Amino acid sequence: MKLSMRKADLVVVGAFTAALVFLLDHTRTFAPPLLEGYPGDAFFPQLVLGFTLFWAGVILVRRLFQAMADLPEDERPFKLDGREFALVLAAVVAYALLLDPLGFEAATTLLLAGLLIPRYRVEMTLPRAMAWGVGVALATVAICWLVFVILLNVDMPLLVLPRYLTF
């Protein structure tokens, strides 16, 4: 099957947008707020889904306007590497299964480093790619911990990092 990149973008982002709309609608079934002024269980999922839906919409609108303006078709063929797709899918499933026993810190670091090191390896030596992959993974875990656990007080399966800071 051969598809141009523009058509592949429209198909993938269109399907992704439909899934986001379905999930956003599903959040209406979440429990209502317990206290007045409390955002409720659906607040953070709706925030993330709304943000993602906004950017998916931007991509869709941009591609549709390009199609209507009769701009030259992006001739690069879309190619799905089945092996790479299966590896990423397996990594995400392993992450979901290992999140509870290993904790957020280790599971997320392993997932991100495992996905980033092969990407960095294309342009760097292996030791440098490993250093960058692990460094970016650790920085991402630290930022997520600070934002979600410390600032927003979201309960996460932590094993190493503290759930709150005391001074």
Side-chain angles (χ1 to χ4, degrees), residues 1-82 84-100 103-105 107-116 118-120 133 136-158 161:
M1 173 173 90
K2 287 191 175 191
L3 265 166
S4 69
M5 285 302 284
R6 182 184 303 162
K7 289 178 185 164
D9 278 352
L10 287 173
V11 169
V12 170
V13 175
F16 193 70
T17 302
L20 288 171
V21 169
F22 169 77
L23 290 172
L24 195 59
D25 181 59
H26 179 66
T27 61
R28 295 186 314 136
T29 65
F30 289 9
L34 296 173
L35 304 170
E36 187 178 329
Y38 179 73
D41 293 347
F43 178 72
F44 285 113
Q46 287 174 344
L47 191 67
V48 170
L49 290 168
F51 181 77
T52 308
L53 192 58
F54 171 78
W55 289 109
V58 167
I59 293 170
L60 267 179
V61 168
R62 195 175 109 221
R63 282 300 196 184
L64 288 172
F65 277 130
Q66 286 175 344
M68 289 188 322
D70 288 333
L71 294 175
E73 183 72 21
D74 190 347
E75 296 300 325
R76 292 178 297 147
F78 171 77
K79 182 183 170 206
L80 178 65
D81 184 354
E84 189 172 317
F85 179 79
L87 285 172
V88 171
L89 185 62
V92 171
V93 170
Y95 174 74
L97 295 173
L98 294 174
L99 192 58
D100 196 38
F104 168 76
E105 308 94 323
T108 304
T109 301
L110 287 172
L111 173 73
L112 291 176
L115 294 175
L116 289 172
R119 302 295 183 258
Y120 288 141
V136 169
L138 289 171
T140 302
V141 167
I143 291 168
C144 288
W145 172 73
L146 281 170
V147 169
F148 289 103
V149 175
I150 301 304
L151 295 177
L152 299 175
N153 201 23
V154 174
D155 187 37
M156 296 177 81
L158 299 173
L161 295 171

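Scope of the values below: all heavy atoms of this structure, side chains included, with no hydrogens, waters or symmetry mates. Keep in mind the model is a prediction, meaning the values are calculated, not measured.
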Problem - Under 3.5 Å: donor-acceptor pair, side chain of E105, backbone of V141 - result: no
Handout entry: Side chains of C144 and F104 in contact at under 4.5 Å (non-hydrogen atoms)
Key = yes
Practice task
Rounded to the nearest 0.5 Å, what's the gap from OG1 on T17 to CG on L60? Could you check?
Solution key: 4.5 Å
Problem - side-chain contact (heavy atoms from CB on, under 4.5 Å) evaluation trace for T52 with V48 - result: CA-CA 6 Å; T52 308; V48 170; 4.2 Å; yes
Practice task
Can you see which heavy atom on A42 is nearest to which on T27, and at what distance?
Solution key: CB-O, 3.5 Å
Exercise for the section: Could you tell me the separation between the CG atom of L138 and the CD1 atom of I143, rounded to the nearest 0.5 Å? Expected result: 11.0 Å
Practice task
Dump the intermediate steps for side-chain contact (heavy atoms from CB on, under 4.5 Å) on V136 and Y120, then the final yes or no.
Solution key: CA-CA 11 Å; V136 169; Y120 288 141; 3.6 Å; yes
Practice task
Please tell me if the side chains of V147 and L152 come closer than 4.5 Å, counting only heavy atoms from C-beta onward.
Solution key: yes
Problem - Nearest heavy-atom neighbours spanning A113 and A137 - result: N-CB, 3.8 Å
Problem - Rounded distance [0.5 Å steps], CZ in F85 versus CG in L89 - result: 5.5 Å
Completion exercise
From the list L158, T140, V154, side-chain contact (heavy atoms from CB on, under 4.5 Å) with W145 holds only for L158
Fill in the blank from the handout: Paired with Y95, the side-chain contact (heavy atoms from CB on, under 4.5 Å) test is passed by just one of V93, L99, L98, L97, namely L99
Distance-only criterion, 3.5 Å: show the donor-acceptor pairs between side-chain atoms of residues 18-26 and protein atoms not counting sequence neighbours.
residue : atom : partner : partner atom : Å
D25     : OD1  : R28     : NE           : 2.8
D25     : OD1  : R28     : NH2          : 3.0

Exercise for the section: Give, for atom CZ of F16 and atom CG of L53, the distance between the pair rounded to the nearest 0.5 Å. Expected result: 9.0 Å
